[in-house]
Chemist: 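This structure is in structure tokens; I'll ask about it shortly.
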Amino acid sequence: MDKVLARLDAMKEVHLAELKTLLAFPSISTDPACVQAVRACGEHLRDQVRAMGFTDSVLHDTPGHPILTASWKGAPGAPTILLYGHYDVQPVDPLDLWRHPPFEAVLEGDRLVARGVADDKGQVFSHLKAMEALLKEEGALPVNVVLLLEGEEEIGSPNLGPFLEANKELLKADCAVISDTAMFAQGRPSITYGLKGLCYLELELEGPSHDLHSGSFGGPVVNPLNVMADLLSSLKDRQGRVAVEGFYDAVLPLSAEERAAFAALGYDEEGLKHSLAVEELAPEAGYTVLEHLWARPTCDVNGFVGGFTGEGAKTVLPAKASAKVSFRLVPHQTPDKVADLVEAHLRRLLPGGVRLTLTRHHAGKPALAPIDHPAVRAGMEALEKGFGTPAVYQREGGSIPIVAAFDEILGQKTVLMGFGLPDSRCHSPNENLSLENIYGGMRAALWFYRLLPQHMARA
Ligand code: BES
Ligand code: ZN
């Protein structure tokens with residue numbers, strides 16, 4: 001009889017109540033009104049982790065939101081893992097589309113609905129409860145653990161890189177472990193071995209000094225909104241390719257083996273269309289939907305504003321226009337180089353009569369992990385044991401910029417063992433996660449700690 005698994009089973013109700021408490025903090029990192037709530041969430045986790053037996057649990061101040069570190073080093077000779085996660089969340093707008101208040105978690109069938117339940121509080125919680133159960137039942141963990149929980153992942157981790165540089169000794173480990181991704185499908189757990197990078201830009205166009213009558217001035221006076229539409233549409237061609245010169249130069253081509261492995265997963269394109277209520281998908285010419293999502297770079301307009309957007313019609317030639325554009329990158333593209341290429345492209349096409357200001361927001365490098373790493377193999381086996389079904393390998397279109405920094409600054413490879421679901425609605429209203437995955441995540445985390453020492457020893 002496995003006492004730790006039995007404990008996780010017996011504690012389900014208690015754990016659900018505790019998770020609801022964690023989800024109640026409105027820790028929106030981008031919202032200045034939530035600064036105190038982000039800190040309070042960090043303090044809550046610090047206290048939880050301390051009570052579990054992580055005696056050196058510290059909330060570190062940064063120029064932004066605090067970073068929590070804690071460690072448990074009671075397994076001499078065993079490997080050390082750096083367990084990373086984030087306790088900040090995305091904004092909740094549009095609020096009226098939520099079925100319940102976003103910070104009051106509600107169970108609908110098997111799905112717990114709340115902001116952050118999948119991304120990433122619920123996944124962090126699964127790890128913490130697995131460790132707590134081990135410590136309570138066995139008095140020890142099978143591995144040494146360094147915990148690193150940040151409050152700024154959703155705004156691009158601006159203070160975490162410098163923190164890694166300054167705390168290399170504290171964060172020393174044999175590998176990093178992150179549960180902040182999604183499984184391939186419900187009932188099909190996966191290890192994610194590739195993440196996209198990100199280059200996020202804001203374009204502002206200024207034309208005349210003030211809004212004008214569109215009849216008296218329209219035509220010869222250059223309209224910033226018209227120009228913005230031209231510039232934005234110039235970024236992509238009809239084949240779904242990014243039309244910026246040099247953009248694909250650094251792109252690592254997909255190998256035949258990888259394409260075959262993607263195809264063998266039997267991705268449900270019809271299911272995706274159905275769940276999004278769209279009739280067509282438009283992958284890049286020559287690539288499947290999955291290949292485009294996981295291994296080809298993309299460009300998307302995230303927001304586009306200016307001029308009159310109120311009810312009815314107002315004839316006006318607006319003085320300004322702005323747009324937010326993101327590029328998701330693949331190895332070996334870098335955000336700085338892509339931003340330079342895009343800026344050159346835009347300036348080349350920019351007509352006279354308007355001024356362009358370009359602001360560079362988030363920048364994150366893409367990441368690709370070796371799938372034959374012993375920690376990855378331990379993760380595959382742990383997922384199978386935790387969820388009762390074999391795991392698959394996948395890549396991902398989302399970004400976790402710090403993964404590249406773990407490799408570059410700390411020399412650590414990362415295992416991405418995600419417990420989210422493709423329809424968890426991360427960053428959207430009614431974000432949710434199944435209890436099956438929250439509890440399965442606890443079991444998988446437990447098995448990962450147990451199996452890692454054997455896999456590392458074999459390597
Ligand atoms: N958990 C996500 C990354 C993710 C998204 C993994 C979807 C798997 C599926 C992470 O919290 C996230 O949203 N990252 C941001 C990074 C950005 C703000 C720098 C992203 O990808 O937009
Ligand atoms: Zn996110």
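Both backbone and side-chain heavy atoms feed into the values below; hydrogens, waters and symmetry mates do not. Remember, it's 1-based here, ligands and their atoms both numbered in the order they're listed.
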Chemist: Heavy atoms only: which of G364, G85, P335, S399 is nearest to atom 14 (N) of ligand 1?
Modeler: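 Answer by nearest heavy atom: S399.
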Chemist: So that I know where these two stand, are H373 and Y193 an aromatic pair - ring centroids less than 6.0 Å apart?
Modeler: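 Not close enough - the centres of the two rings lie 6.0 Å or further apart.
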Chemist: How would you list, by chain and number, every residue that makes a side-chain hydrogen bond (donor to acceptor under 3.5 Å, both in side chains) with E150, sequence neighbours excluded?
Modeler: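 side-chain hydrogen bond (donor to acceptor under 3.5 Å, both in side chains) check on E150 returns Y84, S157.
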Chemist: At their closest point, which heavy atom of I438 faces which heavy atom of L112, and how far apart are they?
Modeler: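 Answer, listing the atom of I438 first, then L112: CD1-CD2, 4.3 Å.
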Chemist: Using a strict 4.0 Å cut-off to heavy atoms of D119, name the atoms of ligand 1 that fall inside it.
Modeler: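 Under 4.0 Å from D119, ligand 1 has these atoms: 1 (N), 2 (C), 10 (C), 11 (O), 13 (O).
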Chemist: Could you tell me the residue and atom name of the protein heavy atom closest to atom 4 (C) of ligand 1, and the distance to it rounded to 0.1 Å?
Modeler: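 Residue, atom and distance for the closest contact: D180 O, 3.9 Å.
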Chemist: So, R443 and D9, do they make that salt bridge, N to O below 4.0 Å?
Modeler: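 Not counted as a salt bridge, because no side-chain N and carboxylate O are separated by less than 4.0 Å.
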Chemist: Hey, is ligand 1 close enough to H427 that some N/O pair sits below 3.5 Å?
Modeler: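 It does: an N or O of H427 is found under 3.5 Å from an N or O of ligand 1.
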Chemist: Which of the numbered atoms in ligand 1 are under 4.0 angstrom from any heavy atom belonging to H86?
Modeler: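 Counting atoms of ligand 1 from 1, those under 4.0 Å from H86 are 11 (O).
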Chemist: For the residue pair E396 / T181, report whether a side-chain donor-acceptor contact shorter than 3.5 Å exists.
Modeler: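 Absent: no donor and acceptor within the cut-off.
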Chemist: Keeping waters out of it, list the protein N, O or S atoms under 2.8 Å from the Zn ion (ligand 2).
Modeler: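 Result, waters dropped: D119 OD2, E154 OE1, E154 OE2, H427 NE2.
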Chemist: Quick one: look up the protein heavy atom nearest atom 18 (C) of ligand 1 and list residue, atom name and how far away it is.
Modeler: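 Minimum-distance protein heavy atom for atom 18 (C) of ligand 1 reads E154 O, 3.4 Å.
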Chemist: Donor-acceptor pair, E154 side chain versus V89 backbone, under 3.5 Å?
Modeler: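 Answer holds: no.
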Chemist: Below the 3.5 angstrom mark, is there an N/O of H362, backbone or side chain, next to an N/O of ligand 1?
Modeler: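 Checking ligand 1 against H362, no N or O pair falls under 3.5 Å apart.
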Chemist: In the protein, what heavy atom is nearest to atom 17 (C) of ligand 1, and what distance, to one decimal place, separates them?
Modeler: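 Minimum-distance protein heavy atom for atom 17 (C) of ligand 1 reads L198 CD2, 3.7 Å.
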Chemist: Hey, is R111 close enough to D423 for a salt bridge, meaning N to O under 4.0 Å?
Modeler: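 Judged by the 4.0 Å cut-off on N to carboxylate O distance, R111 and D423 do form a salt bridge.
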Chemist: Distance to 0.1 Å, residue and atom name: give those for the protein heavy atom nearest to atom 11 (O) of ligand 1.
Modeler: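 For atom 11 (O) of ligand 1, the nearest protein heavy atom comes out as E153 OE1, 2.7 Å.
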Chemist: Would you check if there is a donor-acceptor pair between the side chains of T389 and R188 at a distance under 3.5 Å?
Modeler: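 T389 and R188 do not have a side-chain donor-acceptor pair below 3.5 Å.
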Chemist: How far is atom 5 (C) of ligand 1 from its nearest protein heavy atom, and which residue and atom is that?
Modeler: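 That would be G398 CA, 4.1 Å.
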Chemist: Say whether D119 and Q90, considering side chains only, have a donor N or O and an acceptor N or O under 3.5 Å apart.
Modeler: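 No donor-acceptor contact under 3.5 Å links the two side chains.
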Chemist: If you have a sec, work out which protein heavy atom is nearest atom 20 (C) of ligand 1 and how many Å separate them, to one decimal?
Modeler: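 Its nearest protein heavy-atom neighbour is R328 NH1, 3.4 Å.
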Chemist: For the atom pair CD (Q333) and CG (D249), what is the distance rounded to the nearest 0.5 Å?
Modeler: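 Here the interatomic distance stands at 9.5 Å.
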Chemist: Any salt bridge between K236 and D300, counting N to O under 4.0 Å?
Modeler: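 No, no charged N to carboxylate O under 4.0 Å.
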Chemist: Going by atom types only, do Q186 and E436 share a side-chain donor-acceptor pair under 3.5 Å?
Modeler: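 Side-chain D/A pair, Q186 to E436: present.
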Chemist: Taking atom 8 (C) of ligand 1 as the point of reference, which of Q394, E396, Q90 owns the nearest heavy atom?
Modeler: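 Ranked by closest heavy atom to atom 8 (C) of ligand 1, first place is E396.
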Chemist: Within ligand 1, which atoms have a heavy atom of P401 less than 4.0 Å away?
Modeler: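 That gives atoms 19 (C) of ligand 1.
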